[in-house]
Amino acid sequence: MERRTIGAGALEVGAVGLGCMPMSWGYSGSRQRGDESLRAVHRALDEGSSLLDTADMYGPFTNELLMGRVLKERRGDAFVSTKVGLLVGDQHIVANGRPGYVRRACDASLRRLQTDVIDLYQLHRADPEVPVEETWGAMAELVRAGKVRALGLCAVGARGGRRSGGLYDGTIRQLRRIQQVFPVSAVEAELSVWSPEALETLVPWCASRGVGFLAAMPLGNGFLTGTLTPGQGFEPDDMRARHPRFTAEMMAANQPIVVGLRRIAARHGAAVTAAQVALAWVLAQGPGVIPVPGAKRQRWVAENAAACGLRLTARDMAEVAELPAARGSWD
């Protein structure tokens, strides 16, 4: 697999990563299988998808424990990214950016991951009660202590409301502040065919500074794979059950996007899928952009990894640009 670099430290990873959240959190709990997920992670590493993206809040904690079972055997094959800053309670999530908490959380993540160093430690969300410079300073201490290799920031987007111009203005202001404390190596934010907003300001900001961009949800929470059926319904614990683009009406309204991706895929061969076209589009946004599709089955991991070999033509890119904008229930 093609290799791409993250940050000024030129940390190398496979061009397509693996989002590990669906294995333990956020999606239908009844479909989570630990052993099957372990096989998927091993398959990702076999395919060259070395970036494993997890967080202490996924589960909570169980996703890091799952990754630890793999890392105990294959630490040298993996690039480990985990996150800090969010606490999961009953029916709520709160931010905690206090320096003491950050230090304790890092030690706990290291134990769960069964490793002595985290390759990329990301601030999941800034704590509104703590100056972000203080939180970032505590994270920088972890780098100096040898517990972490590089630092990243997860961008705050408008997942639950209407998208508009300046979506990432607040994130860029945070980035400017924390860059004064310690270098940012990566920024993680949503980027996909149906959510391209990061291309307006955030991706260019990263590219101009040599900061890696981790594209979260590059398959639109599964919609861009074309495997979801309008009106199929989601389990109550599945975040898509409350997502404004996953009502039956909106899933039907957004089908032209999937049809367009399938049309492009067909030109590249019968084995090429809509999902691979969606990932190839993300990869084409710049050499520092790394899609991190979530998956928990070997089949999907292998399919996603193969997207690295798909090169979209100018005609393909123009057709994607002409696809209708995604609609949500607020539209």
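Quick note: residue numbers are just sequence positions, from 1.
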Would you call Arg74-Asp46 a salt bridge at under 4.0 Å N-O? yes
Membership question, hydrophobic clusters at under 4.5 Å side-chain separation (ILVMFWY): are Val143 and Val211 in the same one? yes
Between Gly212 and Cys206, the two heavy atoms sitting closest are O-SG, 4.3 Å
Minimum heavy-atom separation for Ala295 to Val301, with atom names? CB-CG2, 3.9 Å
Side-chain contact, heavy-atom cut-off 4.5 Å: Leu86 with Val94? no
Starting at CG of Asp116, measure out to CZ of Arg111 and round the result to the nearest 0.5 Å. 14.0 Å
4.5 Å side-chain heavy-atom contact, Tyr101 and Val84: yes
Tell me yes or no: between the side chains of Glu12 and Thr5, is some donor less than 3.5 Å from an acceptor? no
Is it true that a side-chain atom of Arg209 and a backbone atom of Trp205 form a donor plus acceptor pair closer than 3.5 Å? yes
Would Val132 and Leu123 count as a side chain to side chain contact (heavy atoms under 4.5 Å, CB included) if you check the C-alpha gap in whole Å, the side-chain angles of each, and the deciding distance to 0.1 Å? CA-CA 10 Å; Val132 69; Leu123 179 58; 4.0 Å; yes
Determine whether a donor-acceptor pair (N or O, by modelled atom type, separation under 3.5 Å) exists between the side chain of Gln114 and the backbone of Leu110. no
How long is the straight-line distance from CG of Leu66 back to SG of Cys20, given to the nearest 0.5 Å? 8.0 Å
So, does Gln232 use its side chain to make a donor-acceptor pair with the main chain of Leu228 at under 3.5 Å? no
Check whether any side-chain heavy atom of Arg242 sits under 4.5 Å from a side-chain heavy atom of Met239, and report yes or no. yes
Treating Thr135 as the side-chain partner and Gly97 as the backbone partner, does any N or O pair qualify as donor plus acceptor under 3.5 Å? yes
Grouping I, L, V, M, F, W and Y whenever their side-chain heavy atoms are under 4.5 Å apart, do Phe213 and Val193 come out in a common cluster? yes
Would you compute the distance between atom CE of Met67 and atom CG of Leu18 and round it to the nearest 0.5 angstrom? 7.0 Å
Between Arg245 and Trp194, is there a donor-acceptor pair closer than 3.5 Å when you use the side chain of the first and the backbone of the second? yes
List the steps and the verdict of salt bridge (Lys or Arg N to Asp or Glu O under 4.0 Å) for Asp316 and Arg311. CA-CA 9 Å; Asp316 297 333; Arg311 296 291 182 266; over 6 Å; no
Would you check if Lys147 and Asp107 make a side-chain contact, meaning some heavy-atom pair closer than 4.5 Å? yes
Is a side-chain donor or acceptor of Thr225 paired with a backbone partner of Gly222 at a separation under 3.5 angstrom? yes
Please name the pair of heavy atoms, one in Ile118 and one in Leu113, separated by the smallest distance, quoted to 0.1 Å. CG1-CD1, 4.3 Å
Nearest heavy-atom neighbours spanning Ala280 and Ala307: CB-O, 4.3 Å
Same cluster or not: Phe79 versus Val16, using hydrophobic residues (I, L, V, M, F, W, Y) connected whenever any side-chain heavy atoms lie under 4.5 Å apart? no
Side-chain contact test, heavy atoms from C-beta onward, threshold under 4.5 Å: evaluate it for Cys154 versus Lys83 and give yes or no. yes
Do Met317 and Val259 belong to the same hydrophobic cluster, where Ile, Leu, Val, Met, Phe, Trp and Tyr are linked whenever their side-chain heavy atoms lie under 4.5 Å apart, directly or via other members? no
Pairing of Glu319 and Arg267 as salt bridge, 4.0 angstrom limit: yes
Before you tell me yes or no, could you show the steps for Arg104 and Ser109 under side chain to side chain donor-acceptor pair (under 3.5 Å), namely the whole-Å CA-CA distance, both residues' side-chain angles and the distance that decides it to 0.1 Å? CA-CA 9 Å; Arg104 293 192 301 273; Ser109 287; over 6 Å; no
Within the distance-only criterion (no hydrogens, no angle test), does the side chain of Tyr121 pair as donor or acceptor with the backbone N or O of Ala150 below 3.5 angstrom? no
Set out, in order, the CA-CA distance, both residues' side-chain angles and the distance that settles side chain to side chain contact (heavy atoms under 4.5 Å, CB included) for Leu71 and Val80, then state yes or no. CA-CA 9 Å; Leu71 296 174; Val80 185; 3.6 Å; yes
Compute whether any side-chain donor of one residue and acceptor of the other, for Asn63 and Thr54, lie under 3.5 angstrom apart. yes
Under a 4.0 Å N-O cut-off, is there an ion pair linking Asp119 with Arg75? yes
Between Asp53 and Gly19 (side chain of the first, backbone of the second, donor and acceptor by atom type, cut-off under 3.5 Å), is there such a pair? no
Do Ile93 and Leu87 touch side chain to side chain, with heavy atoms closer than 4.5 Å? no
Applying side chain to side chain contact (heavy atoms under 4.5 Å, CB included), run through Val41 and Met23 and close with a yes or a no. CA-CA 10 Å; Val41 179; Met23 301 175 186; 3.5 Å; yes
Distance-minimising heavy-atom pair for Ser329 and Met250: N-CG, 3.5 Å
Centre-to-centre under 6.0 Å for Trp136 and Phe182, is that the case here? no
Gln276 (side chain) donor-acceptor with Glu303 (main chain) under 3.5 angstrom: yes
Result for side-chain contact (heavy atoms from CB on, under 4.5 Å) between Leu214 and one of Val289, Ile6, Leu191 points to Ile6
Below 30° counts as parallel, above 60° as perpendicular, anything between as tilted: where do the rings of Phe246 and Phe234 land? perpendicular
Are side-chain heavy atoms of Leu52 and Leu45 found at a separation under 4.5 Å? yes
Minimum heavy-atom distance Glu200-Pro204, with the two atoms named: O-CG, 3.9 Å
Drop me the distance from Ile257's CD1 to Arg262's CZ, to the nearest 0.5 angstrom. 12.5 Å
Treating Gln179 as the side-chain partner and Val184 as the backbone partner, does any N or O pair qualify as donor plus acceptor under 3.5 Å? yes
For residues Glu64 and Thr82, is any side-chain donor paired with an opposing acceptor at under 3.5 Å? yes
Side chain to side chain contact (heavy atoms under 4.5 Å, CB included), that's the test. Do Arg149 and Leu120 meet it? Break it down for me. CA-CA 6 Å; Arg149 295 178 67 195; Leu120 180 67; over 6 Å; no
Is the shortest distance from a Lys or Arg side-chain nitrogen in Lys296 or Glu36 to a carboxylate oxygen in the other one below 4.0 Å? no
Are Leu312 and Leu310 side-chain neighbours, meaning at least one heavy-atom pair lies under 4.5 Å? yes
In this structure, would Leu323 and Leu199 fall into the same cluster of hydrophobic residues linked by side-chain contacts under 4.5 Å? yes
If only side-chain N and O atoms count, and only distance matters, is there a donor-acceptor pair under 3.5 Å linking Ser81 with Gln122? yes
